[in-house]
Amino acid sequence: MKRRRMARAERHGTKTRTRPFVLINMAMTADAKIATANRAISSFGSPRDHEHLLELRATADAVMAGARTVDLNPINMGPGGRKYLRKRATKGMQPYNVRIIVSRLGTVDPQAQVFREKFSPVLVLTTRQTSARRLEALRAVAHEVKICGTSEINFRSAFRWLFKKWKIRTLVCEGGGELNDALFQAGLVDELHLTVCPWLFAGRTAPTIAEGMGAAKLAKAIEFELKSSRYVGAEVFLCFGRRRGARRVASRENA
Ligand SMILES: NC(=O)c1ccc[n+]([C@@H]2O[C@H](COP(=O)([O-])OP(=O)(O)OC[C@H]3O[C@@H](n4cnc5c(N)ncnc54)[C@H](OP(=O)(O)O)[C@@H]3O)[C@@H](O)[C@H]2O)c1
């Protein structure tokens with residue numbers, strides 16, 4: 001058991017780290033949409049994709065999602081059934097992952113499913129923009145509501161707090177696109193797991209894996225490198241790691 005714990009620490013460099021190792025996991029269509037334009041459909045992966053999500057959660061101390069993802073879906077953000085609890089136990093992890101909701105204005109619904117299931121702490125990261133009334137409602141249902149900035153969340157310091165106070169060493173973020181984008185922009189994403197599903201939703205306003213302003217030039221784009229790819233049935237499971245060091249691809253802008 002001790003050896004496994006040490007291997008895990010080594011893999012994620014936790015001896016030198018001051019923030020969690022961060023993975024993003026998303027299912028997307030062939031045109032990179034994560035939901036239809038009206039947000040009615042966002043669950044379109046196969047049972048194998050759902051298993052993949054639970055397998056990744058089984059490696060994580062915490063699962064994180066944005067307010068709309070939590071509002072619009074009856075999710076509990078937990079580790080799943082006994083098989084996954086056993087996996088956690090063999091890795092020397094807590095049986096249940098911590099659940100983290102990000103909500104700048106505190107608009108997340110206190111009646112959402114995630115707050116109803118009490119098996120592990122639910123933390124809400126928010127800002128000073130949240131009204132006293134909303135803070136009170138969230139404090140009544142969450143384990144802790146943490147103010148992480150005046151108008152924007154400072155994810156770097158929020159992650160240091162999660163590392164230190166909550167002992168979060170590995171964190172899986174499961175969207176949506178707005179939250180993902182903030183983590184990409186802050187340079188905090190270590191691994192990106194994508195399941196490419198055989199659908200095409202189209203629609204200018206259908207959300208993608210990273211919403212926000214976007215890069216205006218290749219030099220400003222965030223570069224990843226492919227770590228693994230697997231075809232299972234009609235889906236492709238991709239894993240990208242953050243690319244460090246010099247770029248290999250010369251810009252072809254204006255060529
Ligand atoms: N296919 C998939 O794998 C997948 C996965 C997840 C979600 N989805 C779908 O994606 C859609 C939701 O995506 P989305 O981009 O619209 O929403 P989202 O990121 O889930 O939630 C947006 C809300 O979260 C809070 N938030 C996000 N980024 C923040 C930041 N940087 N700082 C502070 N607060 C932040 C804000 O809450 P406040 O308004 O309270 O400030 C914001 O309004 C849904 O349809 C969902 O079902 C699909």
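These numbers come from a predicted model, not from an experiment. We count ligands from 1, going down the list as the structure has it; atoms in each ligand are counted the same way.
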Measure the distance from [atom] to every protein heavy atom, then report the residue, atom name and distance (to 0.1 Å) of the closest one.
{"atom": "atom 41 (O) of ligand 1", "result": "L105 N, 2.7 Å"}
{"atom": "atom 44 (C) of ligand 1", "result": "L72 CD1, 3.8 Å"}
{"atom": "atom 10 (O) of ligand 1", "result": "I34 CD1, 3.3 Å"}
{"atom": "atom 25 (C) of ligand 1", "result": "V102 O, 3.3 Å"}
{"atom": "atom 2 (C) of ligand 1", "result": "A27 O, 3.5 Å"}
{"atom": "atom 12 (C) of ligand 1", "result": "T69 OG1, 3.7 Å"}
{"atom": "atom 22 (C) of ligand 1", "result": "E178 OE1, 3.5 Å"}

Check: [X]/[Y] side-chain N/O donor and acceptor closer than 3.5 Å:
{"X": "S43", "Y": "N73", "value": "no"}
{"X": "S46", "Y": "E235", "value": "yes"}
{"X": "R128", "Y": "S151", "value": "no"}
{"X": "R134", "Y": "S103", "value": "no"}

Which option out of M28, R104, K33, R68 puts a heavy atom nearest to atom 34 (N) of ligand 1?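 Ranked by closest heavy atom to atom 34 (N) of ligand 1, first place is R104.
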Best match, G149, S42, A40: closest heavy atom to atom 9 (C) of ligand 1: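 The nearest heavy atom belongs to S42.
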If the plane angle is over 60° it's perpendicular, under 30° parallel, otherwise tilted; pick one for W166 and W161.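 Rings of W166 and W161: perpendicular, as their planes differ by over 60°.
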Measure up the F240 and F224 rings against each other and bin them: parallel (under 30°), tilted (30 to 60°), perpendicular (over 60°).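 It falls in the perpendicular class, over 60°.
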Please say whether [X] places an N or O atom under 3.5 Å from an N or O atom belonging to ligand 1.
{"X": "F155", "result": "no"}
{"X": "R39", "result": "yes"}
{"X": "N25", "result": "no"}
{"X": "G175", "result": "no"}
{"X": "G177", "result": "yes"}
{"X": "F44", "result": "no"}
{"X": "M26", "result": "no"}
{"X": "A67", "result": "yes"}
{"X": "T107", "result": "yes"}

Aromatic contact between H52 and F237, with the criterion being ring centroids under 6.0 Å apart: yes or no?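 Centroid distance H52-F237: below 6.0 Å, so yes.
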Are F201 and F44 close enough that their ring centres sit under 6.0 Å apart?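 Yes.
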At under 4.0 Å between heavy atoms, which part of E174 makes contact with ligand 1: side chain, backbone, both or neither?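 Near ligand 1, E174 shows its backbone, while the atoms from C-beta on stay back.
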Do I153 and L123 sit in the same hydrophobic cluster, where Ile, Leu, Val, Met, Phe, Trp and Tyr count as joined when their side-chain heavy atoms come under 4.5 Å apart?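 Same cluster.
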How many angstroms lie between CZ in R88 and CG in D61, if you round to the nearest 0.5 Å?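 That separation rounds to 7.0 Å.
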Counting each atom of ligand 1 from 1 as listed, which ones have a heavy atom of [X] under 4.0 Å away?
{"X": "G176", "answer": "7 (C), 13 (O), 15 (O), 18 (P), 19 (O), 20 (O)"}
{"X": "N73", "answer": "46 (C), 47 (O)"}
{"X": "A182", "answer": "31 (N)"}
{"X": "A35", "answer": "45 (O)"}

In plain terms, say whether [X] and [Y] are close enough for a salt bridge, that is, a side-chain N and a carboxylate O under 4.0 Å apart.
{"X": "E144", "Y": "K165", "result": "yes"}
{"X": "E55", "Y": "K83", "result": "no"}
{"X": "E225", "Y": "R242", "result": "no"}

So is A65 close enough to ligand 1, meaning a heavy atom under 4.0 angstrom away?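 Contact check A65 vs ligand 1: negative.
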